[in-house]
Amino acid sequence: MTAMVKAEGVHKSYGAAHILRGIDLEVAPREVFCLVGPSGSGKSTFLRCINHLEKINAGRLSVDGQLVGYRQKGDKLYELKDREVAAQRRDIGMVFQRFNLFPHMTALANVMEAPIQVKGEARAVARARAERLLDRVGLADKAGNYPSQLSGGQQQRVAIARALAMEPKLMLFDEPTSALDPELVGDVLDVMRGLAEDGMTMIVVTHEMGFAREVGDSLVFMDGGVVVESGHPRDVLGNPQHERTKAFLSKVL
């Protein structure tokens with residue numbers, strides 16, 4: 001079976017700052033893959049490399065068997081044109097820490113926008129799917145509301161519906177609950193649980209260890225731009241083998 005995501009020796013630097021130092025990992029189709037670690041460990045940067053929002057400096061990254069952002073000719077890699085990168089991104093949904101909704105559009109319009117603009121979909125088709133997705137994230141009654149009229153948790157659920165509207169094969173979540181008040185976190189995690197049950201392949205950068213333990217299939221602990229430890233979430237969280245993992249978990253569990 002082709003891995004949904006495969007990273008081989010991935011490096012990323014900003015000037016002298018070496019953020020990712022040779023990341024090797026694989027994510028299987030339908031897997032919920034959790035990335036945990038301290039701030040600055042490279043988790044979010046790695047996530048952004050998967051859809052080529054950040055360009056890697058060395059190594060290879062592929063999604064569903066296709067190199068991301070590059071094509072290979074002989075033993076050389078050539079960067080794809082912006083248009084080709086955009087086409088790859090259609091299959092990869094991303095949900096950010098900050099919701100990034102269009103403030104001048106209703107919840108419904110936010111969810112409809114990309115399929116109409118990017119895929120050229122008929123408005124009626126896009127609208128029907130958007131209504132279905134808002135219902136799925138528990139916000140059918142908020143379709144006509146603007147982002148400023150929604151709580152942070154509601155905005156994040158609209159953002160998830162918006163990412164799903166493109167019918168991606170892979171969903172990336174970059175700390176989707178860290179900007180939310182504690183009482184709003186549960187509703188967002190419930191939506192993500194539902195996606196996992198439906199078989200969506202997900203990579204989740206998170207501090208929600210309970211979610212990782214309960215819903216995750218794999219967990220990677222990153223620190224200093226490297227994978228320190230990986231395994232089943234219950235094993236890594238319940239019986240960490242590495243001192244750095246132990247030290248981190250002692251602060252967050």
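All values derive from a computational prediction rather than experimental measurement.
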Asker: Main chain of Pro38, side chain of Lys43: is a donor-acceptor contact present, judged purely on distance under 3.5 Å?
Answerer: yes
Asker: When you compare the side chain of Phe46 with that of Leu172, does any pair of heavy atoms fall below 4.5 Å?
Answerer: no
Asker: OG1 of Thr177 to CZ of Phe211: how many Å apart, nearest 0.5 Å?
Answerer: 9.0 Å
Asker: Hey, are the side chains of Lys169 and Met4 touching, using non-hydrogen atoms and a 4.5 Å cut-off?
Answerer: yes
Asker: Is the charged tip of Arg162 near the ring of Phe102: under 6.0 Å from the six-membered ring centre and within 45° of its axis?
Answerer: yes
Asker: Could you walk me through whether Tyr70 and Arg60 satisfy the side-chain contact (heavy atoms from CB on, under 4.5 Å) test, starting with their C-alpha distance in whole Å, then the side-chain angles of each, then the deciding distance to 0.1 Å, before giving a yes or no?
Answerer: CA-CA 9 Å; Tyr70 299 90; Arg60 301 162 67 90; over 6 Å; no
Asker: CD1 of Ile56 to CG of Leu77: how many Å apart, nearest 0.5 Å?
Answerer: 8.0 Å
Asker: Find out if a path of hydrophobic residues (ILVMFWY) with successive side-chain heavy-atom gaps under 4.5 Å connects Val236 to Ile23.
Answerer: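 They do not share one cluster, since no chain of ILVMFWY contacts under 4.5 Å joins Val236 to Ile23.
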Asker: Is Met171 reachable from Ile50 through a run of hydrophobic residues whose side-chain heavy atoms are each under 4.5 Å from the next?
Answerer: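 No: no chain of side-chain contacts under 4.5 Å links Ile50 to Met171.
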Asker: Is the backbone of Asn51 close enough, under 3.5 Å, to the side chain of Arg89 for a donor and an acceptor to pair up by distance?
Answerer: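 Yes: the side chain of Arg89 pairs with the backbone of Asn51.
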Asker: Indicate yes or no: at least one non-hydrogen side-chain atom of Val63 is less than 4.5 angstrom from one of Asp91.
Answerer: no
Asker: Closest heavy-atom contact between Leu180 and Gly153?
Answerer: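 Reported closest heavy-atom pair: CD2-N, 3.6 Å.
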Asker: Let me check something: do Val36 and Ile19 share a hydrophobic cluster, defined by ILVMFWY side-chain heavy atoms less than 4.5 Å apart, either directly or through other members?
Answerer: no
Asker: Working note: His52 + Leu80, criterion side-chain contact (heavy atoms from CB on, under 4.5 Å); need CA distance, chi angles, decisive distance, verdict.
Answerer: CA-CA 10 Å; His52 209 58; Leu80 297 177; over 6 Å; no
Asker: Does Glu131 use its side chain to pair, donor to acceptor, with the backbone of Ala128 at less than 3.5 Å?
Answerer: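 Looks like no, no N/O pair under 3.5 Å.
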Asker: Is it the case that atom NZ in Lys12 sees more than 12 heavy atoms from other parts of the structure closer than 6.0 Å?
Answerer: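 Above 12, so yes.
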Asker: So does Pro115 get a backbone contact from the side chain of Glu121, meaning a donor-acceptor N/O pair under 3.5 Å?
Answerer: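 No; zero donor-acceptor contacts below 3.5 Å.
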Asker: Does NZ or CZ of Lys251 fall inside the cone over Phe248's six-membered ring, less than 6.0 Å from its centre and within 45° of the axis?
Answerer: no
Asker: Answer yes or no: is there a side-chain heavy-atom contact under 4.5 Å between Gln241 and Asp235?
Answerer: no
Asker: Please lay out, stage by stage, how Ile203 and Leu35 fare under the test side-chain contact (heavy atoms from CB on, under 4.5 Å).
Answerer: CA-CA 7 Å; Ile203 303 180; Leu35 282 173; 4.1 Å; yes
Asker: Cluster question for you: counting only ILVMFWY and a side-chain heavy-atom cut-off of under 4.5 Å, with indirect links fine, are Val220 and Val215 together?
Answerer: no
Asker: To the nearest 0.5 Å, what is the distance between CD (Glu31) and OG1 (Thr201)?
Answerer: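 Rounded to the nearest 0.5 Å, the CD-OG1 separation comes to 8.5 Å.
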Asker: Lys119 side chain to Ala114 main-chain N or O, any donor-acceptor pair under 3.5 Å?
Answerer: no
Asker: Step through the shown structure and confirm whether more than 12 heavy atoms of other residues, nucleotides or ligands are within 6.0 Å of CG on Asp82.
Answerer: no
Asker: Between His207 and Val252, does a side-chain contact (heavy atoms from CB on, under 4.5 Å) hold up when you go through it step by step?
Answerer: CA-CA 8 Å; His207 293 298; Val252 299; 5.5 Å; no
Asker: Taking all atoms of both residues into account, what is the closest heavy-atom pair of Asn145 and Asp141, and its distance?
Answerer: OD1-O, 4.4 Å
Asker: Ignoring hydrogens, what is the shortest heavy-atom contact between Ala179 and Gln97? Give both atom names and the distance.
Answerer: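 Scanning both residues, the minimum pair turns out to be CB-O, 3.8 Å.
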Asker: Has Arg157 got a side-chain atom pairing as donor or acceptor with Asp187's backbone, closer than 3.5 angstrom?
Answerer: no
Asker: When rounded to the nearest 0.5 angstrom, what is the spacing between CG in Leu150 and CD in Gln156?
Answerer: 12.0 Å
Asker: Look at the side-chain heavy atoms of Ile, Leu, Val, Met, Phe, Trp and Tyr, link any pair under 4.5 Å apart, and say whether Met202 and Leu25 land in one connected group.
Answerer: no
Asker: If you measure from CZ on Phe173 to CG on Leu47, what distance do you get to the nearest 0.5 Å?
Answerer: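 Reported value, rounded in 0.5 Å steps: 10.0 Å.
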Asker: So do Val27 and Leu170 actually touch side chain to side chain, heavy atoms under 4.5 Å?
Answerer: no
Asker: Do you know the tightest heavy-atom contact between Ala130 and Leu108?
Answerer: CB-CD1, 3.7 Å
Asker: More than 12 foreign heavy atoms under 6.0 Å from NZ of Lys246: is that the case here?
Answerer: yes
Asker: Got Arg48 and Met94 here, is their nearest side-chain heavy-atom distance under 4.5 Å?
Answerer: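 A side-chain contact exists here, since the closest heavy-atom pair is under 4.5 Å.
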Asker: Shortest non-hydrogen contact from Asp64 to Thr2?
Answerer: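 That would be C-CG2, 3.9 Å.
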Asker: Is Arg193 salt-bridged to Glu197, going by a charged N under 4.0 Å from an acidic O?
Answerer: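 A salt bridge is absent here (no side-chain N lies under 4.0 Å from a carboxylate O).
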Asker: Mind checking whether Pro147 and Asn110 have side chains closer than 4.5 Å, heavy atoms only?
Answerer: yes
Asker: Are any of the side-chain heavy atoms of Val95 and Met192 separated by less than 4.5 Å?
Answerer: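 They are not in side-chain contact.
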Asker: Give, for atom CG of Asp217 and atom NE2 of His232, the distance between the pair rounded to the nearest 0.5 Å.
Answerer: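 Spacing of CG (Asp217) from NE2 (His232) equals 6.5 Å.
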Asker: Looking at Asp24 and Gly9, what are the two nearest heavy atoms and their distance?
Answerer: OD1-N, 2.7 Å
Asker: For the side chain of Gln88 and the backbone of Leu67, is there at least one donor-acceptor N/O pair under 3.5 Å apart?
Answerer: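 Yes; judged by distance alone, with no hydrogens or angles, the pair exists.
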Asker: Which class fits the ring pair His18 and His11: parallel under 30°, tilted 30 to 60°, perpendicular over 60°?
Answerer: tilted
